[in-house]
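Structure record follows, encoded as structure tokens.
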Amino acid sequence: MAAKEQESRLSLKLLIDEKRNRVVAAEAHKEFVDILFSFLTLPMGTIIRVTSTGEAKNPVTIGCMNNLYHGVEKLSNENWGTELCKTIVLHPRNPLGYFCQNLKVNIDDSWSNTNYLCSRKCCLMRSWYLNLRCICGAKTNMRTTDMVNNEGAFLQKGRTMFIISDDLQIRPACPILLAQLLSNLGLSETDGIREMRVQVSKDQVICLLARSLVSESPLSDVFLPNPTKHDTKLPKPEIEITLQTTEQNEAPTLNLQVTLNKSTNKILFAKATNEFFDFLCTFLTIPIGSIIHVFQRSLGLGGCLNNLYASVEELEDKWIGSSIKSAILNPRITQYHNCKKQPLKLDELIENENLIDPRPNENFAAEPSLFIVLDNLDVKPLSSASSFLILRELKVAFSDIEEQVITVGMNEALSLLKAALTSPSSALTNGLASFLQKKKQEA
Ligand SMILES: [Zn+2]
């Protein structure tokens with residue numbers, strides 16, 4: 001197709017260690033580095049969507065997040081406030097989309113400069129979506145297009161070269177830096193290092209994103225035919241739940257009724273209110289940069305996004321404006337993409353005071369409603385049919401089942417988010433079991 005032929009590509013120079021068949025470094029201008037930085041602006045919902053759809057087909061498994069995404073995807077419209085609520089969670093808008101639209105290769109189509117005013121042009125309110133109700137009563141169906149900047153994405157203008165290591169540490173280029181990088185890899189001279197120029201396609205950027213979440217050598221993985229496997233297929237170390245008590249005051253709390261298997265202390269499933277379900281939905285709408293920010297980089301995410309994050313942090317102001325830098329390091333949740341009671345105390349980025357909230361009563365889920373959340377974060381609407389199926393599938397003696405209520409505040413929420421990102425099948429147990437009330441041991 002024509003669109004495919006015109007697809008923009010980006011030139012990248014790779015330095016390859018021939019003997020070990022690995023990329024030792026890449027050299028690139030700001031356009032490529034901007035693309036890597038944009039990974040931090042992507043919410044988990046977008047990451048799962050772009051890596052598992054389209055032609056790229058590089059599905060990446062991130063803890064239990066995929067289960068959550070696909071569980072949410074299967075919920076029918078009657079479980080949602082409106083159909084649009086589901087769209088928002090599965091297709092969250094990038095809070096820094098205004099900048100990302102200037103990327104040479106943009107893998108995230110969630111942002112648009114199209115807005116809708118009401119048919120009476122009262123101009124009191126505007127909307128990102130067609131046919132919402134304006135406060136004057138008319139529907140938003142007058143399309144308007146905002147001006148966009150053409151100033152480039154994140155980094156300052158200029159033809160500076162950057163050096164990117166295979167595990168995505170990025171610095172402005174200089175020969176000494178490169179020498180250090182090579183010597184850290186045990187290379188004493190430039191012999192045996194081959195230069196290779198590649199034209200990076202959109203599919204390859206998606207691959208890079210997918211690999212950057214799970215591998216410590218995404219450049220080798222994507223650009224070398226059969227890269228030597230440097231990454232281990234992350235069997236993650238058990239997560240220890242020793243989170244610093246950050247200012248826990250004032251964070252809203254949510255009650256969660258969990259059902260556990262007494263003899264194994266495993267959480268089998270939880271019964272979630274619509275408020276708790278809304279909170280889970282924000283796992284898909286929080287940008288990666290804000291997730292790393294809230295964990296102060298202590299998060300045991302696999303891959304090398306922590307390196308990418310540190311690279312942004314360490315860049316001097318002359319390479320990146322300080323306001324853009326702090327925006328990437330904590331993009332915040334897009335307006336109306338947060339939940340009413342957010343135990344993680346995350347802020348929304350208020351883009352426009354006069355924007356219509358597409359959700360009824362600020363909820364994603366229909367209110368009131370109840371959901372069953374399985375240990376692996378798959379979610380289902382609570383109905384008698386699903387209760388029976390769940391009991392049958394659990395294969396646990398009824399006498400071995402107990403119910404408890406956990407109050408989910410900041411620490412519990414952080415622990416659950418961490419487990420959702422790192423535990424392949426037991427997010428509830430790994431995230432919340434340590435907060436269960438210890439029952440007296442029967443002798
Ligand atoms: Zn109006």
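Whatever order the structure lists ligands and atoms in, that order sets their numbers, starting from 1.
For the Zn ion (ligand 1), protein N, O or S atoms under 2.8 Å: 4 in total.
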Ignoring hydrogens and angles, write down the donor-acceptor pairs under 3.5 Å from the side chains of residues 27-45, residues two or more places apart or on other chains.
| from | atom 1 | to | atom 2 | distance (Å) |
| --- | --- | --- | --- | --- |
| Glu27 | OE1 | Lys13 | NZ | 3.1 |
| His29 | ND1 | Arg159 | O | 3.4 |
| His29 | ND1 | Thr160 | O | 3.4 |
| Lys30 | NZ | Asp34 | OD2 | 2.9 |
| Lys30 | NZ | Leu155 | O | 3.2 |
| Glu31 | OE1 | Arg159 | NH1 | 3.4 |
| Glu31 | OE2 | Arg159 | NH1 | 3.2 |
| Asp34 | OD1 | Phe154 | N | 3.3 |
| Asp34 | OD1 | Leu155 | N | 2.9 |
| Ser38 | OG | Ile35 | O | 2.6 |
| Thr41 | OG1 | Ser38 | O | 2.7 |
| Thr41 | OG1 | Asn94 | ND2 | 2.9 |

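Here the side chain of Ser322 pairs no donor or acceptor atom with the backbone of Asp317 at under 3.5 angstrom.
Residues satisfying the side chain to side chain contact (heavy atoms under 4.5 Å, CB included) test with Tyr129, not counting sequence neighbours, are Leu84, Ile88, Ser127, Leu132, His337, Pro358. Residues satisfying the side chain to side chain contact (heavy atoms under 4.5 Å, CB included) test with Leu124, not counting sequence neighbours, are Cys122, Ile135.
Considering all non-hydrogen atoms of both residues, Ser290 and Arg332 come closest at OG-N, 2.9 Å.
Trp80 and Phe277 have their aromatic ring centers within a separation under 6.0 angstrom.
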